[in-house]
Colleague: 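What follows is a structure written as C-alpha cells; I'll ask about it next.
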Amino acid sequence: MLGMIMDYPLTITCLLERARRLYAGKEIATKTEGGRHCYRYADLYERVCRLANALRELGVRPGDRVGTFAWNTYRHLEVYFAVPCSGAVVHTLNVRLGGDQLAYVIGHAANRVLFVDESLLPLLEPLREQLPTVRAYVVMGDGPLPDTPLRPVLRYEDLLAAASPAYAWPTLDERSACGMCYTSGTTGHPKGVVYSHRGMYLHSLMLTSADVMAICERDVVLPVVPMFHANCWGLPYAAAMVGAKQVFAGRFTQPPDLARLLQDEQVTLTSGVPTIWISLLPYLQEHPHDLSRIRMIVSGGSAVPPSLFTAYDALGLRIVHAWGMTEMSPVGVLGHLRSDMLGWRPDEQLGTRAKQGYPVPVVEVRAVDDQGREVPWDGRSLGELQVRGPCVTSGYYEDERSAAAFDDGWFRTGDVASIDAHGYIQIADRVKDLVKSGGEWISSVDLESAIMGHPKVLEAAVIAVPHERWQERPLACVVPRPEAKGSLTAEEIVDYLRPRFPRWWLPDAVVFLDAMPKTGVGKFDKKALRAHFRDFQLA
Ligand code: ADP
C-alpha cells in the first residue's frame with residue numbers, strides 16, 4: 001500500500017519522555033510560602049515516576065479518575081503527568097466551586113483519590129460525608145501532615161519518598177481519556193468534559209506553532225490561569241513538549257506578587273482572564289517593573305476591552321486576544337494581526353485585535369442562524385458559533401445534555417458571533433447574556449467593553465432586566481476606579497456611550513458597585529448580578 005505511515009499513538013507520555021531526554025536541565029519554578037522552589041525537568045521526571053508507582057499502590061487502575069484540588073505548583077504538574085501517563089484520568093477540580101457543586105462533580109466523576117493542597121483542606125473537610133467514592137486523600141505540602149478529619153489521609157512527600165523512581169510507562173491508546181474538567185453549568189449541574197491523549201497532544205503542538213503562541217525552548221511560561229481552568233489552557237503540556245521553562249505562582253496571584261514574579265523569572269509568555277490584567281494594570285502604572293522580556297500576554301475567557309489593549313501597549317506590553325472553551329481543550333481562536341493588516345491605521349488595528357481572533361489550525365468554525373443556515377463571513381451577520389476539530393469534545397461525560405450540544409457533527413458553543421472575511425470571529429455575547437429588547441439583540445459584551453474605556457471606570461458588566469414594553473433592557477453595573485468613587489455619575493456613563501451606539505442600545509440605568517462579583521475562574525459573574533437585580537425597577 002502506498003503512503004502508509006506508522007500508527008504511532010500521540011500521548012502525553014511522549015511529551016514527558018521528550019522533556020526528559022531533551023530538556024532535563026531546564027527549570028520549573030514555583031512561588032511558595034517561604035520563597036521559591038526550583039527544580040529541573042529531570043527532577044520532575046523522577047518524581048512523576050515515583051508518583052506513578054504510588055498511584056498503583058493506592059489501587060488506581062487504568063481509566064480511574066483522580067482528582068486534584070490545588071493551586072498552580074510543581075506538585076500539581078507532577079500529578080498532571082503521572083496520572084494520565086499511567087493510564088488514569090486527571091480531574092482538575094475548581095477550588096472556588098461551592099460545596100454542593102464540588103461534592104457533585106467529585107461524585108459524578110467517581111474520583112478515587114484526591115490530591116489536595118494543604119492550604120485548601122478547610123474547603124474540603126466539611127464535605128467529607130458527601131464523598132463516598134474517595135478512597136484516599138493525599139495532602140500536598142511541605143510540613144508534617146496537618147490535623148484533618150479527612151480519612152484515609154496520606155502525605156504526598158511520604159508517598160513519593162517510599163516509591164521507586166523506576167516506572168515502565170504502559171503503551172496507551174491515543175484515544176483513551178487523559179483528563180477531565182467540569183464547566184460551570186448555567187442551569188443545573190456542571191458538565192464534565194473528557195480529554196483524550198491525542199487531543200491534548202495535538203493541542204500542545206498547535207500552541208507551539210508560530211501563528212498561535214509560538215511556544216518554544218527559549219520561552220519562560222507563567223500561566224496565571226489556574227491549572228483547574230480548562231487544562232491551564234494547555235500551557236503546561238505545550239511547555240513540556242518544547243522544554244520551555246515553566247513558572248507557577250502558587251496561590252500568590254495578587255498584583256504585587258505577579259509583577260515581581262513576571263520580572264524576576266524573566267517571563268516571556270503569560271496568560272489569564274481579563275480581570276487579572278485589569279487589576280494588574282494600576283499596580284504596574286504606579287510601580288514600574290522591568291517586564292521587557294514579555295513577548296505575549298494571552299488574555300481570554302471573556303472579552304478584552306479595547307482600552308485594555310491600549311493601556312498595556314503604552315507599557316510596551318502586547319496583549320493578544322484569545323477565545324476558547326473548556327469543551328475545546330480549550331484554545332479556539334487567537335487575535336494576531338495578519339501581514340496585510342500591519343500597514344493599517346492604529347485604530348483599525350485595534351478594531352481587529354479587539355475581535356477574538358481567527359481559528360487555530362485544529363479548529364473549524366461556522367456561525368448558524370435561527371433557521372439553521374450558515375451566515376456569511378461578512379463581519380456583520382450574527383449566528384450561533386459552532387466548532388469542530390480533533391480537540392473539541394464529542395459529548396459531556398455521562399450527561400443527557402450532550403445530545404442538544406451538537407448540530408450535525410458541530411459543537412454548539414452557545415456564543416453568538418459574527419465572522420469577517422478574514423475569518424476573525426467577534427463574540428457578541430453568550431446566548432443567555434444577550435439583551436433581547438423588542439425583538440432585537442443588544443450585545444452586553446460591546447456595551448461593557450465600551451464602558452470600561454471610560455477613564456473613571458475599573459470594571460463594568462451589562463445585564464438584561466425585565467421590561468414591560470421591551471421585554472428586556474440593559475442595566476449597566478459599574479465599579480468605579482478608587483479615585484472616582486462617589487464622583488462618577490450615571491449620566492457620565494450614558495453620555496460616554498451616546499456617540500458610540502444607537503440610541504436604543506443605551507442602558508436604561510447604571511448602578512454603581514463596590515466590587516464586581518466573579519465566577520470561580522475570575523469572570524464577571526452575571527448569574528449573580530442577574531439574581532441580585534432580579535426585581536430591579538427601571539424608571
Ligand atoms: P465557563 O462557562 O465556566 O466560563 P469556559 O471558561 O469554558 O467556562 O467558558 C467558555 C466561554 O467563555 C465561551 O463560550 C465564551 O462565552 C466565553 N469566552 C471565552 N473567551 C472569550 C473571549 N475572548 N471573549 C468573549 N467571551 C469569551
Side-chain angles (χ1 to χ4, degrees), residues 92-98 101 105 180-193 195 203 223-234 271-278 297-306 308-309 319-336 352-360 363 365 367 382 384-387 391-393 396 401 405 411-419 424-434 443-449 452 461-462 517-528:
T92 49
L93 292 156
N94 184 335
V95 307
R96 299 197 186 95
L97 277 187
Q101 290 206 329
V105 298
M180 72 187 300
C181 187
Y182 281 71
T183 174
S184 65
T186 49
T187 50
H189 288 303
K191 293 177 275 192
V193 175
Y195 304 110
H203 190 272
V224 185
V225 50
M227 291 175 84
F228 56 75
H229 183 195
N231 281 320
C232 205
W233 299 357
S271 66
V273 291
T275 48
I276 295 285
W277 315 120
I278 290 172
I297 297 177
V298 181
S299 185
S302 48
V304 180
L308 202 65
F309 289 102
I319 291 186
V320 176
H321 209 166
W323 167 89
M325 298 182 80
T326 303
E327 289 87 335
M328 300 175 68
S329 297
V331 175
V333 312
L334 230 78
H336 291 298
T352 298
R353 288 171 67 197
K355 294 185 177 189
Q356 277 68 16
Y358 66 95
V360 299
V363 171
V365 299
L382 291 175
E384 185 190 18
L385 193 61
Q386 303 189 344
V387 294
C391 304
V392 178
T393 189
Y396 294 106
R401 291 169 291 186
F411 174 73
R412 305 177 55 183
T413 65
D415 286 350
V416 175
S418 62
I419 308 177
Y424 287 73
I425 67 158
Q426 184 162 21
I427 304 284
D429 231 324
R430 297 195 187 207
V431 173
K432 64 183 192 306
D433 290 341
L434 276 170
S443 156
S444 66
V445 171
D446 283 2
L447 282 176
E448 60 206 24
S449 292
M452 283 189 272
V462 169
K518 308 255 165 68
T519 70
V521 293
K523 306 185 189 186
F524 297 163
D525 191 345
K526 294 196 180 175
K527 219 181 344 178

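First listed ligand is number 1; within each ligand, the first listed atom is number 1.
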Colleague: List in chain and number order the residues that pass ring-ring contact (aromatic ring centres under 6.0 Å, His included) with Y182, two or more places apart in sequence or in another chain; answer none if no residue qualifies.
Modeller: H91, H108
Colleague: Under the rule for salt bridge (Lys or Arg N to Asp or Glu O under 4.0 Å), what residues qualify as partners of K526, not counting sequence neighbours?
Modeller: E448
Colleague: If you count only heavy atoms, which residues are under 4.0 Å from ligand 1?
Modeller: T183, S184, H229, G301, S302, A303, H321, A322, W323, G324, M325, T326, Q356, D415, R430, K523
Colleague: Per the side-chain hydrogen bond (donor to acceptor under 3.5 Å, both in side chains) rule, what does the pair list look like for residues 320-332, sequence neighbours excluded?
Modeller: W323-D415, E327-Y396
Colleague: Just by modelled atom types, is the G301 backbone N or O under 3.5 Å from a matching donor or acceptor in the K523 side chain?
Modeller: yes
Colleague: Are V387 and M325 packed together at the side-chain level, in the sense that at least one heavy-atom pair is separated by less than 4.5 angstrom?
Modeller: no
Colleague: With respect to D429, which candidate in V445, V462, D446, L447 satisfies the side chain to side chain contact (heavy atoms under 4.5 Å, CB included) definition?
Modeller: V445
